[in-house]
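Following: one structure in structure tokens, then a few remarks.
Below, chain A is the first sequence line, B the second, and so on; all start at residue 1.
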Amino acid sequence: MNHNYQKDISGCGLTGLINKKKTRVSGDAIARSLCLMNERGNGLGAGYAAYGIYPEFADFYAFHIMYDDPSVRFGAEDFLKHNFHVEKTEEIPTSPVAAIPISPLLVRYFVSPNKDKLSSIEGEEDFVVNTVMKINSEMDGVYVFSSGKNMGAFKGVGNPAEIAEFYRIEEYEGYIWTAHTRFPTNTPGWWGGAHPFTLLDWSIVHNGEISSYGINKRYLEMFGYKLMLLTDTEVVTYILDLLVRKHGLDIQTACTTLAAPFWKDIDELDEDRRELLTALRMTYGSALLNGPFSLLFGHSNGLVGINDRIKLRPLVAATKDDFVYMASEESAIREICPSPDKVWAPRAGDPVIVNLEAD
Amino acid sequence: MFKSLAPPDYLATIDTDKCIRCKRCIRNCGWDVYSWGGDRVQINTSKCVKCLRCYHYCPVEAIEILNNRTKFKDNAYWSFHQIRNIKKQAETGGMPLSGMGSDLPYPILFDHLLLDACQVTNPSIDPLREPMELRTYLGKKPSSLNFVKDGKGGMKLKGPLPPQIKIDLPVIFSPMSFGSISLNAQKVLAMAATNAGTVMNTGEGGLHEDIYPYRKNVIVQVASGRFGVNADYLNAGVAVEIKIGQGAKPGIGGYLPGEKIPKQVADARMIPIGTDALSPAPQHDIYSIEDLRQLIYAIKEATNYKPVSVKIASVHNVAAIASGIVRAGADIVYLDGFRGGTGAAPSIIRDHLGIPIEHAIAAVDDRLRQEGIRNEASVIAAGGIRSSADAVKAIALGADAVALGTAALVTMGCTVCGKCYTGNCSWGITSQRPELTARLNPEIFAERLTNLLRAWEHEIKEILGSLGVNAIESLRGNRERLRGVGLDDQTLDILGVKPAGR
């Protein structure tokens, strides 16, 4: 039934950091930054994403998979083994936390696609995306938290400190971190519904409500994406995957489709630029994210922060030496970086794009 | 004198105490209801159509047009109109005709759909303070873009996009030919379209020279009669529309009687004065989808690749037909719902063929998405758009824009009396009688029609603001922001809309 689905909405706080020189830092910092914004969540979801945490398995896709019940593990593992070479399997290390009496089974796999399973037209990344779509949509009680290389998502139901403690976040070292605390307003907290949302090496943390969700979802479905995680943040992940990985837009251009400039501003530009932006809006109108949002998205080469086109949610950025910080609140940055070189509030729709420096 | 056994619908009455014998009613009625009896106005009420021209121009409000209470005995099954039509047909052997869209009480889905609004979790947007964008481009869009480096560190487009029609709001005018409506009425449409930044459509009546100055806001139509079609005509507007069918009369051609073909109409249609203008039911060079493709590309070749629209009536299999039209190369699919208006149609056809536009939009939009070709063509929805709310709901269901016919005529004085086919329109809209058409001042009524579009523009912006979005493309196909009330599960599924409360 194409009318029978529910959309989740939530308010939130988010924070992220990147070291441009790929100096890895412990998860302790991002956890402290997030915990300062406890007020922005209600304890029903928090999560962390980190890049650079698995250098010894950097060539393998790291699948973080959640099982609602241990019994569903075997079917999913059979499927994985059938399609991938599995280099290593291990349960994600956790610590007991009083506030989290029950948790799902969490396992990570370092895998590479079996070459004989790849079709001639389908690339390796498409194969991984299709695998994630298939698991999430067809296997009851199995959800893929993350599937990128040398990165991972750690998320669940709890407040930021509890989730950090549960996943022993301080034990990981990464050069890009994003984190999120959640204030779901209409659905009970669910481990799969916490942020970050990820696909391949995309990870998204998002504060806001995407009022254009209905058309974003239908647009993505045209390209074979299956939206199963019941929250509008998921569309951001898939739109970025479509725009950047499949359609070859650079990050800057992708940002101008997510938060498109107004026609009145486009009309004032020189001809080449006007034609480009007009064509982008015509072609990708259904990918425009409308409604209030601030979001951070991490990828293997950098971190991006962006607001909606009229800035209806907060976003602050700061720099200090090789670090760039972005968060919902300046205090969350100053908690871990007391004297930044520069602090600013990015303008509506104006992305902050930070790339890692080439090795 | 022959007196029909079919009783009149209306009783035109004049209060003789109030009447000042000014005879304006006699002059204003295009139907000869009134005549001068020496000391008072005489009434032939069987001719009255309740267009209310006389009522409006009576300076003392002496006129009342009553519904005829002397009808046949009440019967829930054998209604007045059923019995009357039989009597008329028995007397004439003909098909009763109708103008405008069907007035029968079929369900109106628009009235069972409600829009969302923002509260707390997402802020609504005030269109008086923030930009609110309704600009729409009609035409084929690529699914992705190709770029080249511009030498300045940025990117530019590798090649031009397919041609588009840029409109400032997602509302256009539906095709109404010169012949079915008066030249003044067409001028009203052309001027208002130009004022408001949208487009009118010639219908199948050729293009009168007076409309040429507005050609940047005109779509020219090619239909089965091919009236007025030549290379200049095809190139005159911003796009060409191939009309396959009309919501009010799917599968039926057109017939404009010779009495409605004076010199001007004859010139525009390129036919002799006074000949009947017959539009065959099918286009005789389109018996199949591959034939349509040939005509689409013939027109594209003749116009240096202007956008081509294909207009069809919404029939049962509309989704598959629309898909075929898109694959045949159309840039725009124009869907006309069964409530769509007409200048003349057999009542039996108008009232019993086709499907509502709401179902058609949903089915077509779904199908084009399933096939991954939704970007290949814009979808126009028409056929009974009564308000900006209908327009917004149609767009949320999946249309790119809506087209107005009846609503535009109402701004010119039309009261939807439904007698367009007689040529006696007392408001000068659907007549070619010079004494009647002279009543329609193009400048004055163009301003009113422009007012209507401006009013709808404001309303649509307010609705978008309530929905918390500031661009029309975030509403288009966004069925998540619609809820159904009082609709069964299957209808909800077809519309892709959740029931209210979910």
Side-chain angles (χ1 to χ4, degrees), chain A residues 1-7 9-11 183 185-186 208-219 221-224 232 242-243 246-250 252-253 260 262-265 271-273 275-276 278-293 308-310 312-313, chain B residues 116 118 120-123 125 130-131 133 135-137 139 141-147 150 152 154-157 160-161 164 365-366 368-375 396 398 464 467-482 484 489 492-499 502:
Chain A
M1 299 289 255
N2 68 358
H3 66 282
N4 190 15
Y5 63 92
Q6 284 284 312
K7 189 188 106 182
I9 54 176
S10 61
F183 199 133
T185 44
N186 75 343
E209 177 168 344
I210 296 174
S211 307
S212 54
Y213 174 82
I215 185 55
N216 299 145
K217 173 179 184 283
R218 298 183 73 221
Y219 176 68
E221 284 167 351
M222 248 176 76
F223 294 94
D232 50 12
L242 176 74
L243 296 182
K246 289 198 160 169
H247 288 181
L249 270 56
D250 60 28
Q252 176 80 43
T253 310
F262 288 98
W263 288 119
K264 65 180 173 58
D265 299 325
E271 192 182 337
D272 280 352
R273 194 83 192 127
E275 279 184 2
L276 175 70
T278 302
L280 283 167
R281 281 200 67 173
M282 279 198 273
T283 306
Y284 293 114
S286 300
L288 172 68
L289 294 180
N290 219 317
F293 68 83
D308 65 84
R309 57 212 301 251
I310 52 175
L312 295 172
R313 287 289 153 93
Chain B
D116 194 15
C118 293
V120 184
T121 57
N122 50 353
I125 302 171
E130 305 280 353
E133 301 184 315
R135 184 188 295 183
T136 300
Y137 288 89
K141 315 288 188 300
S143 64
S144 62
L145 295 168
N146 292 316
F147 308 100
D150 67 357
K152 290 174 277 185
M155 301 199 293
K156 66 176 191 176
L157 281 184
L161 248 54
Q164 307 284 325
D365 184 56
D366 275 349
L368 297 183
R369 286 178 187 283
Q370 283 157 14
E371 298 187 8
I373 53 174
R374 180 62 184 83
N375 58 292
L464 286 186
L467 289 164
V469 298
N470 49 19
I472 192 75
E473 54 260 48
S474 297
L475 173 70
R476 192 186 305 136
N478 192 347
R479 303 178 186 174
E480 168 67 19
R481 309 308 296 277
L482 287 172
D489 217 37
L492 290 168
D493 192 41
I494 290 164
L495 296 178
V497 168
K498 293 181 209 169
R502 281 278 173 79

Is there side-chain contact between [X] and [Y], with at least one heavy-atom pair below 4.5 Å?
{"X": "A:Glu275", "Y": "B:Leu161", "value": "no"}
{"X": "A:Ser211", "Y": "B:Arg481", "value": "yes"}
{"X": "B:Tyr137", "Y": "A:Thr278", "value": "yes"}
{"X": "A:Pro292", "Y": "B:Pro123", "value": "yes"}

Roughly how far, to the nearest 0.5 Å, is the [atom2] atom of [Y] from the [atom1] atom of [X]?
{"X": "A:Ser286", "Y": "B:Lys141", "atom1": "OG", "atom2": "NZ", "answer": "9.5 Å"}
{"X": "A:Arg273", "Y": "B:Lys156", "atom1": "CZ", "atom2": "NZ", "answer": "13.0 Å"}
{"X": "B:Asn122", "Y": "A:Asn290", "atom1": "CG", "atom2": "CG", "answer": "10.5 Å"}
{"X": "A:Arg309", "Y": "B:Glu130", "atom1": "CZ", "atom2": "CD", "answer": "10.5 Å"}
{"X": "B:Ser474", "Y": "A:Leu289", "atom1": "OG", "atom2": "CG", "answer": "8.5 Å"}
{"X": "B:Asn375", "Y": "A:Tyr284", "atom1": "CG", "atom2": "OH", "answer": "10.0 Å"}

- [ ] Go through the atoms of A:Leu242 and report whether side chain, backbone, both or neither lie under 4.5 Å from a heavy atom of chain B.
- [x] neither
- [ ] Check whether A:Phe293 gets within reach of chain B through its side chain, its backbone, both or neither, counting any heavy atom under 4.5 Å.
- [x] neither
State, to 0.1 Å, how close [X] and [Y] come at their nearest heavy-atom pair, and which atoms those are.
{"X": "B:Pro131", "Y": "A:Lys264", "answer": "CG-CE, 3.9 Å"}
{"X": "A:Leu288", "Y": "B:Ala471", "answer": "CD2-CB, 3.8 Å"}
{"X": "B:Glu480", "Y": "A:Tyr213", "answer": "CG-CD2, 4.4 Å"}

- [ ] For the pair B:Glu473 and A:Arg281, find out whether any cationic side-chain nitrogen is under 4.0 Å from an anionic carboxylate oxygen.
- [x] yes
[X] versus chain A, the contacting section by heavy-atom distance below 4.5 Å:
{"X": "B:Leu467", "result": "backbone"}
{"X": "B:Gln164", "result": "side chain"}
{"X": "B:Ile125", "result": "side chain"}
{"X": "B:Arg476", "result": "backbone"}

TODO: Report the residue from B:Glu371, B:Gln370, B:Arg374 that forms a side chain to side chain contact (heavy atoms under 4.5 Å, CB included) with A:Met222.
DONE: B:Arg374
- [ ] Only one of A:Thr283, A:Leu249, A:Thr253, A:Leu276 passes side chain to side chain contact (heavy atoms under 4.5 Å, CB included) with B:Leu145; say which it is.
- [x] A:Thr283
Open item on the list: Let's test your reading of the structure: which of B:Leu157, B:Asp116, B:Asn470, B:Val120 forms the most heavy-atom pairs below 4.5 Å with chain A?
Closed with: B:Asn470
